[in-house]
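Worksheet for the structure shown next.
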Amino acid sequence: MTANKSIQSDIQQRHHKRRQQRLREQKIRRCIFFTVLIAIAIIVVVFFTPIFNVKTISVIGNQRVSTEQILEKTGDITGKNLFSMRKRPIEKGILEFAYVDKVTIKKKPFPPTLILEIKECKPAVQVEYAESFIAIDKTGKILEKSMERLEGMPIADGIKIISANEGEAIGFKDDEAKKIILGCIEAMEKAEILEGIVNMSFADMTNITFNYQSRLDVICGTHIDFQRKLALFNEAIHSNNLTENSRGTINLSTTGKAIYRP
């Protein structure tokens, strides 16, 4: 009798476990079903209704390239779905402008807005070539060409060029000279003196020179320790020995010294 009760109890327990298992499976299937339904509903709302169609295009960070020019490159995207829009074609079009260095595209859902964040190249110097003036950045990228001298940008003399196509790297005749010249220009930018330089000369690579604020002729010697030489120059012009009206020559070619002569 006791054995029969034990067998019956085991059967009931197994039956109860199977029933609980079936209930759990049913709950899981229902959860999966409703999750799929919700996901489909979200996809339909996001991609196939006008709720998330682009209403506004915001362009930020641009100075040299106008907002109108940038919007022309994006094409007619107002009214198109924000989330199904591909970024790469938009980036590619905007990057055709020589002054544009990088494009970051952000999507803002409420209200549906496409944000175009533009990072522009910073002009460093201008070079004379084929009866025109070519503006380049510190990497040697050609930003623009002009028949007249560009305002607020130093002229770099003594650079031998073989090609100059807007948006591309300037073609130097000598790769070693290219490395030295661009290195010197980058050092000048880091030293924050580039804006005060009127012109610089690389005609003699053993005697690189530049004119600062049309009042100081600076002799650098070679490119070796160029950044340290510029640090000495900065110390000299901010010292008590020189004023804002001081004129003359500063020689940096002597090791560890900045020698000023009126």
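On a predicted model such as this, the values are computed, not experimentally measured, just so you know.
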For residues 57-64, please give each side-chain donor-acceptor pair under 3.5 Å, one per line with the distance, not counting sequence neighbours.
unit_1	atom_1	unit_2	atom_2	d
Asn62	ND2	Val65	O	2.9
Asn62	ND2	Thr67	OG1	3.2

Answer yes if Val218 and Ile155 sit in the same cluster of Ile, Leu, Val, Met, Phe, Trp and Tyr residues linked by side chain heavy atoms under 4.5 Å apart, and no otherwise.
no

Identify every side-chain donor-acceptor pair in residues 122-143 under 3.5 Å, counting partners at least two apart or on other chains, and give the distances.
unit_1	atom_1	unit_2	atom_2	d
Gln126	OE1	Leu150	N	2.9
Gln126	NE2	Leu150	O	2.8
Gln126	NE2	Met153	O	2.6
Ser132	OG	Tyr129	O	2.7
Asp137	OD1	Thr139	N	3.0
Asp137	OD1	Thr139	OG1	2.7
Asp137	OD1	Gly140	N	3.1
Asp137	OD1	Lys141	N	2.9
Asp137	OD2	Thr139	OG1	3.3
Lys138	NZ	Glu189	OE1	3.3
Lys141	NZ	Ala98	O	2.8
Lys141	NZ	Val100	O	3.2

Scan residues 168-178 for pairs that pass salt bridge (Lys or Arg N to Asp or Glu O under 4.0 Å), counting only residues two or more places apart or in two chains.
none

List for me each residue that meets side chain to side chain donor-acceptor pair (under 3.5 Å) alongside Ser201, sequence neighbours excluded, and say none if there are none.
none

Show every salt bridge (Lys or Arg N to Asp or Glu O under 4.0 Å) that has at least one partner inside residues 144-162, sequence neighbours left out.
none

Any chance you could pull the hydrophobic cluster mates of Val198, using side-chain heavy atoms under 4.5 angstrom and chaining through other members?
none

Hey, what else clusters with Met147 if you join Ile, Leu, Val, Met, Phe, Trp, Tyr whenever side-chain heavy atoms sit under 4.5 Å?
none

Only counting residues at least two apart or in another chain, list the ones meeting side chain to side chain donor-acceptor pair (under 3.5 Å) with Lys106.
Glu117

How would you list, by chain and number, every residue that makes a salt bridge (Lys or Arg N to Asp or Glu O under 4.0 Å) with Glu166, sequence neighbours excluded?
none

Name all pairs fulfilling the salt bridge (Lys or Arg N to Asp or Glu O under 4.0 Å) condition that reach into residues 89-98, sequence neighbours left out, sorted by first residue then second.
Lys73-Glu96, Arg88-Glu91

Could you tell me which residues satisfy side chain to side chain donor-acceptor pair (under 3.5 Å) with Arg24, sequence neighbours excluded, listed by chain and number?
Gln21

Among all residues two or more places apart in sequence or in another chain, which pass the salt bridge (Lys or Arg N to Asp or Glu O under 4.0 Å) test with Arg228?
Asp225

